[in-house]
Amino acid sequence: MTAPLHDLMMDYPLTLTHFFERGEKLWAKKTIATRIPGHPPFRYTYADFAERTKRLAGVLDRFGLGRGDRVATFAWNSHRHLELYWAAPMTGRVLHTLNIRLAAPDLIYIINHAADSVIFADASVWPILAGIRDKIPTVKKIVIMRDTPDAVVPDGLDDYDTLLAAARPVSGWPKLDETTAAGMCYTSGTTGNPKGVVYTHRAMFLHCLAQSMADQFGISENDVILHIVPMFHANSWCVPFTGTMVGATHVFAGPNPQPRDIAEIIQRERVTFTGAVPTVWIAIKDLCEKEGFDISSLRTIAIGGSAAPRHLQESFEKQFGVVMSHAWGMTEMTPLGTVGRLKSYMKAWDYDRQLDVRSRVGYPSVGVDARIVDDEGRELPWDGVAMGELQVRGPWVLKSYYDNPASADRFTADGWFRTGDVATIDAEGYVQITDRTKDLIKSGGEWISSVDVENMIMAHPKVLEAAVIAVPHPKWVERPLACVVPKPGVTLEPAEIVEFLRPQLAKWALPDEVAVIEAVPKTSVGKFDKKVLRDRFKDWRPKE
Ligand code: ADP
């Protein structure tokens, strides 16, 4: 008889607690900063952070919150928000990051649906919550964080720092199963009603490891990370967790950061890694061109959330010497799905060909299986041509939305998540997001990718932003309408855009008309809001 071979390694739970306890010993001297408008940044060390996080855990205990209770945040990016990021999950509670830019009805819906017990709110955004206070009955406590120097704590509410100062730090952390819920985030509702996603400790643990890999974002102890992605958007791309795991220097962008604040922080703090949606980088490019900020300390900018225009990547590299890493992900995926990196042998290719690769969203991350399927659910080849719905599975992909039986159709019978994105995958494994299913334009039996046309238009030297939407057409079913924002002070004739596109596009894909608009409306997380545009142009009729 042979001795047992099976399962001879320890059952060590993959929880965030491991990262924290290890970091407390290893990174005590490293620093964390938050921008305070009009004042020098707030700074402290990881040792201070650990001490305060333990005090915060003491506060949560004193509030009488049980395991699994939802601890919501309603706040800008800051060190206090980071303390909540860790204290809630490590005590077995669930961190729920509320999006401060949502309209009141969505907020009320989300808070009630999640049944939040307590909300930690920045003073500067408290008035939004004050207006809905009587409509969120599950919330027993609201704690105010003074995010600006002149902030006051309204009567009857608790002040975060005072609570912490008086609290007794916990002496240790409970043992948690790795499948315990750690965090909760609702999709921002770009395409419909917000839906809740619940991250487990295990999902976050594995995601952090993958995200830090050299072949992904290569996040390491050497990095100075500027957190621009709101801590309420898609788990803040998980970077606050990954950055703490590796002991990187954190810099939080603080209340309501503007492009100038971001450029100043990058220059002053010598930031090496940051990430944000493309609209942020479009604005920063414009500013850096005009005012010459030095952003050369950046080794990588992670860009995603919506398609990163090819010309934007090219400009950052040629003008500022900064390489962008184009990534695709979803709130539903903790959020990393693919990361755009060149393979070693591609570095010998000519620059244009390299840019072709980098304008795609990269290949699937380790830990993520991806496939594209046709309308009948048949898997399509990876040939860069066949286009179908992108489906994924993996240890950090959700298996069900929180309490939302109506969304069961987002999962296939064989266990894949239907992303709702339409994509091609080439023979090298690089994914190209053609569009969201809802944004594709169907003209006379042909599909037009709004993303492709937008990216071409945004390469025009007079254009700041462009969004292309489908408008109904009596003969062709739908036609593309290009909504274009000129750079400040520039006059732009619609015909200039059409002529610019003509040599690049098939005749049927060429927008017949171009609307020059003042700004592309943005969603609560800074993406182009095509729902609003479609509504604005719903009565638009094509010229004969
Ligand atoms: P919401 O659905 O509310 O916008 P998410 O931020 O989770 O919330 O959005 C995920 C979606 O964003 C993806 O399904 C995809 O459509 C889009 N997306 C993310 N990254 C990219 C990218 N690099 N290129 C194109 N689309 C992207």
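Keep in mind that this is a model prediction, so the values were computed, not measured. Every number for a ligand or one of its atoms is a count from 1 in the order of the listing. Along the sequence shown, residues carry numbers from 1.
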Legend entry - side chain to side chain donor-acceptor pair (under 3.5 Å) partners of Q313, counting only residues at least two apart: none

Inset, instruction - Report yes or no: does D421 have a heavy atom closer than 4.0 Å to ligand 1? - result: yes

Return all side-chain donor-acceptor pairs below 3.5 angstrom for residues 204-211, not counting sequence neighbours, or 'none' if the list is empty.
unit_1, atom_1, unit_2, atom_2, d
H207, NE2, T334, O, 3.4
H207, NE2, L336, N, 3.1
Q211, OE1, T242, OG1, 2.7
Q211, NE2, W237, O, 2.8

Legend entry - Polar contact flag, side-chain donor to acceptor under 3.5 angstrom, T244-H250: yes

Legend entry - Pick from M333, M330, H233: the one approaching atom 6 (O) of ligand 1 most closely through a non-hydrogen atom: H233

Legend entry - Modelled atom types, side-chain donor and acceptor of D439 and S450, under 3.5 Å: no

Legend entry - Close approach of S306 to ligand 1, heavy atoms, under 4.0 angstrom: yes

Inset, instruction - Before giving the answer on salt bridge (charged side-chain N to carboxylate O under 4.0 Å, His left out), spell out for R310 and D352 the whole-Å C-alpha distance, their side-chain angles and the decisive distance to 0.1 Å. - result: CA-CA 10 Å; R310 176 193 165 106; D352 248 20; 3.3 Å; yes

Inset, instruction - Check whether any N or O atom of T331, backbone or side chain, sits under 3.5 Å from an N or O atom of ligand 1, and answer yes or no. - result: yes

Legend entry - Aromatic contact, F241 with F19 (centres under 6.0 Å): no

Inset, instruction - Mark up the atoms of ligand 1 that fall under 4.0 Å of a heavy atom belonging to V361, in ascending order. - result: 22 (C), 23 (N), 24 (N)

Inset, instruction - Flag G305 as yes when one of its N or O atoms lies below 3.5 Å from any N or O atom of ligand 1, and as no otherwise. - result: yes

Inset, instruction - Give yes or no for whether the N/O distance cutoff of 3.5 Å, strictly under, is met between T419 and ligand 1. - result: no

Inset, instruction - Ignoring hydrogens, just give me the one of A307, A308, C185, A327 whose non-hydrogen atom is nearest atom 23 (N) of ligand 1. - result: A327

